[in-house]
Participant: 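Got a structure for you, questions after.
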Amino acid sequence: MSALFDGRVEQGSFTLEVSLSFESGTVTGILGPNGSGKTTLLRAIAGLTPLSSGSLTVDDSDWTSFAPQDRSVGLVLADPVLFPHLSATDNVAFGPRSRGVAASAAGQRALEELDALGIGELASRKPKALSTGQAQRVALARALATDPAVLLLDESLAGLDPQTRTSVRGVLASRLAHFDGTTIMVTHDPVDALTLADELVFLEDGRLTQRGTPVQVSAAPRSAYAATLVGLNLLPGHATGDGLVATGLGEVRTASEVEGECWVSIRPNAVSLWRSPPDGSPRNTWQLTVTGVEVLGQTARIMLSANDSRLVAEVTTLAVNELGLVAGAQAWASVKATEIDCYPR
Ligand SMILES: Nc1ncnc2c1ncn2[C@@H]1O[C@H](COP(=O)(O)OP(=O)(O)OP(=O)(O)O)[C@@H](O)[C@H]1O
């Protein structure tokens, strides 16, 4: 399954004009400043906003003139929208039922989807007896239960508190790993983008400014927005218990409870740099090589690497001179365990 959007949408004085392909089994993160056209793109794919010109093709079928209900699309918004009088199972079964699936098969499918999203035990609850995070899992299950060709997520995790967001992000990542359609996800959150998306698409003022994998975009962001967004350090790791995670930089001690494969995220301004190993520091400490220095007014971004892993530190420009931070120099980086977050991968 694949989709090709090659079109133009006019809304008042705003114009979105992009040509983008989306592969099956992948997650594409759509990013960009407010008003750049992200939601407009999703609405156009869902058939809720008409194209002024161009086309949308999904699996060799021309969807351009299809009504929304004739498109194989699942859409999940920031706020879960559920039928208040139906149980979680019936909410999820509604999609397959309305596509002609028999009641028992639709109910069975709904239970499987709820299980896959970790809320099988809440199947008989009505929406008013669900927390926001649980209701959003039901909304995700409902969108997935119809096996849509295209799953559209518009800030679907934005309404959740940080802890709930982390757990819903984890179950969503596991579920999407087995989803055959293509997922197109609008988000402002760097962690959502970097942990869930295979590819990132940046829009600005209705135009495509960059497309690439998170690693490609991090290596060469082409806009200030992209640079800030991917500024977050994100290292693949494997939790070995007691808050320890093995990463390319070495062992990382975190304050988060995490198991198995995970992402370790570190904000660049949480990294302290030293000329020699900080004596007796209880912090995580690693020796790295400076690979680049980017001065941005009073602060500087220092690119470092060790064992093929990269780390970005943000320090004052004064520190750049004091520590002799030039390409090729050795430096010690330290980060407090409480400044390190982990997310399931
Ligand atoms: N119905 C409409 N009529 C006229 N202009 C509209 C309409 N809907 C959206 N717009 C304009 O289209 C532009 C793109 O809006 P869109 O919602 O797609 O941006 P976005 O990137 O999703 O923004 P945000 O991050 O704030 O959600 C904005 O300038 C917006 O004001």
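The first residue in the sequence is number 1, and the count goes up from there. Every number for a ligand or one of its atoms is a count from 1 in the order of the listing.
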Participant: Can an N or O of G32 be found at a distance shorter than 3.5 Å from an N or O of ligand 1?
Facilitator: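 The answer is no, given that G32 and ligand 1 share no N or O pair closer than 3.5 Å.
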Participant: For S272 and R283, does a side-chain donor sit closer than 3.5 Å to a side-chain acceptor?
Facilitator: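 Yes, because at least one side-chain N or O of S272 sits under 3.5 Å from a partner of the opposite role on R283.
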Participant: Just by distance, with hydrogens left out, do Q11 and T40 show a side-chain donor and acceptor under 3.5 Å apart?
Facilitator: yes
Participant: Could you list which atoms of ligand 1 come closer than 4.0 Å to a heavy atom of S36?
Facilitator: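 Counting from 1, the qualifying ligand atoms are 19 (O), 20 (P), 21 (O).
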Participant: Any salt bridge (Lys or Arg N to Asp or Glu O under 4.0 Å) pairs touching residues 182-201, not counting sequence neighbours?
Facilitator: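 Matches after skipping sequence neighbours: R165-D189, R165-D192, R169-D192, E199-R211.
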Participant: Checking contacts now, so for atom 24 (P) of ligand 1, which I'm interested in, is there any protein heavy atom under 4.0 Å?
Facilitator: yes
Participant: I need the nearest protein heavy-atom contact for atom 13 (C) of ligand 1: residue, atom name and distance, please.
Facilitator: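 Heavy-atom neighbour on the protein nearest atom 13 (C) of ligand 1: F14 CG, 3.4 Å.
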Participant: What part of E155 sits under 4.0 Å from ligand 1 if we count only heavy atoms: the side chain, the backbone, both or neither?
Facilitator: neither
Participant: Working note: D147 + R109, criterion salt bridge (charged side-chain N to carboxylate O under 4.0 Å, His left out); need CA distance, chi angles, decisive distance, verdict.
Facilitator: CA-CA 10 Å; D147 294 317; R109 179 62 200 271; 2.9 Å; yes
Participant: Do me a favour and list the nearest non-hydrogen protein atom to atom 17 (O) of ligand 1 with residue, atom name and distance?
Facilitator: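 Answer, as residue, atom name and distance: T39 CB, 3.7 Å.
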Participant: Flag yes if more than 12 heavy atoms outside Q330 fall under 6.0 Å of its CD atom; otherwise flag no.
Facilitator: yes
Participant: Atom 11 (C) of ligand 1: which protein heavy atom is closest, and how many Å away?
Facilitator: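 Going atom by atom, the protein heavy atom closest to atom 11 (C) of ligand 1 ends up being Q11 NE2, 3.9 Å.
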Participant: Looking at V312, V326, V320, which hits side chain to side chain contact (heavy atoms under 4.5 Å, CB included) with I302?
Facilitator: V320
Participant: Heavy atom of G37 under 4.0 Å from ligand 1?
Facilitator: yes
Participant: Hey, is atom 9 (C) of ligand 1 under 4.0 Å from any protein heavy atom?
Facilitator: yes
Participant: My understanding is that only residues two or more places apart in sequence, or in another chain, count here; which of them pass side chain to side chain contact (heavy atoms under 4.5 Å, CB included) with A67?
Facilitator: Q69, D70
Participant: Heavy-atom contacts with T40 under 4.0 Å: which atoms of ligand 1 show up? List them by number with element.
Facilitator: 14 (C), 15 (O), 16 (P), 18 (O)
Participant: Between P33 and ligand 1, which part of the residue brings a heavy atom under 4.0 Å of the ligand: side chain, backbone, both or neither?
Facilitator: backbone
Participant: Tell me: protein heavy atom nearest atom 26 (O) of ligand 1, and distance?
Facilitator: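 Protein heavy atom at minimum distance: N34 ND2, 2.9 Å.
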Participant: Establish, from distance only, whether the side-chain atoms of R142 and N91 form a donor-acceptor pair under 3.5 Å.
Facilitator: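 Yes - a donor-acceptor pair under 3.5 Å links their side chains.
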